[in-house]
Amino acid sequence: MKYLVVGGGGREHAVAAALAREGDARIVSVMATRNPGIAALADSVLISKETEVERVVGFASEQSVDLVLIGPEAPLEAGLVDELVQAGIPAFGPTRAAARIETDKAYARDLMTRHGIAGSPAYRRFVDCDEAVRFIQDHPGDLAIKPVGLTGGKGVRVMGEQVDRDGACAYAREINGPIVVEERLVGEEFTLQAFVDGTRLVPMPLVQDHKRAFEGDLGPNTGGMGSYSMPDHGLPFVTETDREQALGIMESVIRAMAAEGAPFVGVLYGQFMNTANGPMVIEFNARFGDPEAMNVLTLLASDLGELAFRCTDGSVGASAASFLPEATVCKYLVPEGYPDAPGPSEPVETGDPGPARLYYANVEELDGRLWTRRSRTLAFVGTGTSLEEAEAVAERAAAGVRGPVRYRRDIGTRALLEQRCTHMRSIR
Ligand code: AMP
Ligand code: GLY
């Protein structure tokens with residue numbers, strides 16, 4: 001099988017590495033900057049913006065690929081899948097219409113309302129920021145303020161966490177476009193990703209991401225600083241009932257989308273807040289999470305190419321995805337100053353990663369050296385029979401990196417996990 005992987009981040013490196021584990025897989029790549037990890041696995045690379053739909057489709061047909069796997073959300077929104085399907089090339093990812101579940105937060109909330117799907121916080125949508133500001137000023141409780149469209153995971157401000165009421169109003173004015181304002185959810189976050197073939201879901205292990213830039217969950221939201229998963233593929237602050245409810249919500253969403261003529265194919269990513277009343281939807285993404293893809297794909301024992309293909313022909317529901325019964329800890333190294341003010345491009349050296357898996361992200365190889373760019377640089381994934389073992393592997397590898405980059409030491413530590421569990425017990 002010959003695959004085209006679209007995208008050049010840590011997530012897409014993990015996708016390419018999982019495909020490459022099947023001996024007969026051949027990989028070609030389209031990415032905006034040359035990810036050295038993907039380039040090493042690929043027979044051929046086209047350096048291009050992933051949203052240049054015509055170029056990507058042209059490359060896919062020129063290369064006679066059997067399947068295209070799309071990592072990031074932007075090419076989905078640009079209609080890449082629609083054009084690939086038009087050209088007769090199977091694509092693992094949703095059409096532009098189905099990608100709205102991520103690209104249009106108001107659509108996602110309204111869809112759940114129309115179909116009476118549980119798990120949505122109270123929300124209001126506004127086309128006009130003045131109206132949103134009046135609502136925020138008059139509303140008694142804490143709120144989350146979100147632009148309707150894509151923001152790279154950095155566009156939400158939460159009252160009582162990052163901003164006060166005045167800050168929330170100021171942020172609504174700053175957005176100055178369509179806004180969703182919703183009830184602030186309190187609890188612990190978790191990610192549930194599933195392979196979807198239009199009607200059925202095959203779930204993957206639960207993962208917890210860490211959005212905030214600094215240790216102790218401080219600082220601005222980022223694309224994600226790292227993540228972990230447990231050997232039993234659950235999380236200790238998520239009961240089996242919670243997990244089933246979350247999966248049930250995702251199944252209902254997939255049914256609703258199919259019923260409305262926008263069937264979803266690809267990875268549905270559910271980000272949930274586990275609250276006193278069970279899991280509530282923070283948002284959906286229409287693709288693998290980054291970093292979460294690195295956790296689950298490092299563990300995937302089934303053939304990713306086959307699962308992805310079965311999503312495109314409507315038969316994944318009949319298969320099972322099997323994952324190694326191990327813990328994973330992923331730590332991202334990011335440029336100092338990320339996300340608000342990343343410094344200039346500088347060389348980094350990775351040292352000896354030991355048994356950790358190294359996934360490259362926004363990094364460039366020049367004159368035999370690695371150089372940082374503006375976004376997340378590279379990630380290490382440790383695996384082990386316990387969280388402690390996996391964390392030690394990732395930590396040792398991350399600590400060995402030399403250069404103007406930093407990472408969160410607390411991700412995947414037992415102390416942080418205990419804190420999450422204590423918090424959950426305190427609200428239930
Ligand atoms: P998103 O861009 O939707 O992934 O949101 C980024 C982060 O904002 C999430 O990881 C949450 O921590 C937080 N967030 C989003 N919506 C809410 C909400 N309704 N209540 C509390 N926190 C939220
Ligand atoms: N880890 C969050 C995301 O991929 O959007």
Side-chain angles (χ1 to χ4, degrees), residues 7 9-12 14-15 70-74 76 99 101-106 108-109 112 119-125 136 139 141-163 168 171 175 179-193 204 206-213 217-229 266-277 279-297 330-332 334 339 359 361 375-376 379 411 420 423 427:
R11 165 182 51 207
E12 291 79 20
V15 167
I70 298 131
E73 58 277 19
L76 301 173
I101 198 70
E102 166 168 9
T103 61
D104 182 345
K105 286 181 175 24
R109 292 291 186 218
M112 291 179 74
S120 228
Y123 72 101
R124 291 279 302 268
R125 46 187 298 184
I136 297 166
H139 189 89
D142 280 344
L143 299 165
I145 321 297
K146 312 180 169 189
V148 163
L150 291 179
T151 59
K154 295 156 212 157
V156 177
R157 296 277 202 292
V158 181
M159 274 168 67
E161 262 178 38
Q162 295 146 317
V163 290
Y171 185 55
I175 294 172
I179 297 175
V180 172
V181 175
E182 54 190 44
E183 169 198 353
R184 176 191 177 194
L185 299 167
V186 176
E188 278 300 323
E189 289 182 41
F190 68 90
T191 301
L192 173 55
Q193 303 168 97
M204 302 182 225
L206 298 185
V207 182
Q208 190 178 43
D209 185 16
H210 298 72
K211 290 265 181 196
R212 301 300 201 86
D217 293 327
L218 298 174
N221 274 332
T222 67
M225 293 295 294
S227 46
Y228 66 92
S229 70
V267 173
L268 182 65
Y269 166 120
Q271 191 187 353
F272 292 92
M273 186 74 86
N274 209 16
T275 70
N277 307 314
M280 304 284 283
V281 175
I282 294 176
E283 67 164 358
F284 292 110
N285 291 329
R287 46 162 178 91
F288 276 117
D290 187 350
E292 292 97 325
M294 292 185 270
N295 301 87
V296 297
L297 292 177
C330 174
K331 298 201 187 213
Y332 249 126
V334 302
Y359 294 114
S375 194
R376 295 174 291 184
I411 292 172
R420 309 278 191 227
H423 181 219
I427 64 168

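Order of appearance sets the numbers: ligands from 1, and atoms from 1 within every ligand.
The option from Q271, E189, K211 that lies nearest to atom 12 (O) of ligand 1, judged by heavy atoms, is E189. Among V186, V158, T222, N285, the residue whose heavy atom lies closest to atom 22 (N) of ligand 1 is V158.
Atom numbering of ligand 1 starts at 1 in the shown order; those under 4.0 Å from a heavy atom of L185 are 18 (C), 19 (N), 20 (N), 21 (C). Near N285, meaning under 4.0 Å from any of its heavy atoms, are these atoms of ligand 2: 3 (C), 5 (O). The atoms of ligand 2 that sit less than 4.0 Å from any heavy atom of E292 are 1 (N), 2 (C). Of all atoms in ligand 2, numbered sequentially from 1 with element shown, those under 4.0 Å from a heavy atom of G289 are 4 (O). Applying the 4.0 Å criterion to heavy atoms of K146 picks out, from ligand 1, the atoms 3 (O), 15 (C), 16 (N). Taking every non-hydrogen atom of D209 and a distance limit under 4.0 Å, the qualifying atoms of ligand 2 come out as 1 (N), 2 (C). Interface atoms of ligand 1 facing E283, defined by a heavy-atom separation under 4.0 Å, are 1 (P), 2 (O), 3 (O), 4 (O). Of all atoms in ligand 1, numbered sequentially from 1 with element shown, those under 4.0 Å from a heavy atom of A144 are 17 (C), 18 (C), 19 (N). Near R287, with a cut-off below 4.0 Å to any heavy atom, the atoms of ligand 2 are 3 (C), 4 (O), 5 (O).
Remark: distances from the non-hydrogen atoms of M280 to ligand 1 are all 4.0 Å or more. For G223, the heavy-atom gap to ligand 2 drops under 4.0 angstrom. Assignment of E161 to the shell around ligand 1 is not supported, since no heavy atom sits closer than 4.0 Å. At least one heavy atom of K211 sits under 4.0 Å from some atom of ligand 2. The shortest separation from a heavy atom of G224 to ligand 2 is not under 4.0 Å, leaving the residue out of contact.
Note on R184 versus E161: salt bridge recorded, some NZ/NE/NH1/NH2 to OD/OE distance being below 4.0 Å. Taking 4.0 Å as the cut-off between side-chain N and carboxylate O, E182 and K105 do not count as a salt-bridged pair. Ion pairing between D217 and R420 holds under the 4.0 Å rule for side-chain N and carboxylate O.
Between Y228 and H210, the ring planes are tilted. Angles from 30° to 60° get that label.
In this structure, a donor-acceptor pair under 3.5 Å is present between the side chains of S227 and N295. A donor-acceptor contact under 3.5 angstrom links the side chains of D290 and Y332, judged on distance only.
R157 forms a cation-pi arrangement with Y171, by the criterion of a distance under 6.0 Å to the ring centre and an angle within 45° of the ring axis.
For the pair M204 and E292, the minimum side-chain heavy-atom distance is 4.5 Å or more. You'll find the side chain of E73 stays beyond 4.5 Å of the side chain of Y269, heavy atoms only. Considering only heavy atoms from C-beta on, V207 comes within 4.5 Å of V296 through its side chain. Side-chain contact between V334 and T222 is absent, with no heavy atoms from C-beta onward closer than 4.5 Å.
Distance alone, capped at 3.5 Å, is enough to place a donor-acceptor pair between the R376 side chain and the G223 backbone.
Not a single N or O atom of E283, backbone or side chain, sits closer than 3.5 Å to an N or O atom of ligand 2. Annotation: R184 places no N or O atom under 3.5 Å from an N or O atom of ligand 1; distance criterion only. Taking only nitrogen or oxygen atoms, main chain and side chain alike, R11 does not reach within less than 3.5 Å of ligand 2.
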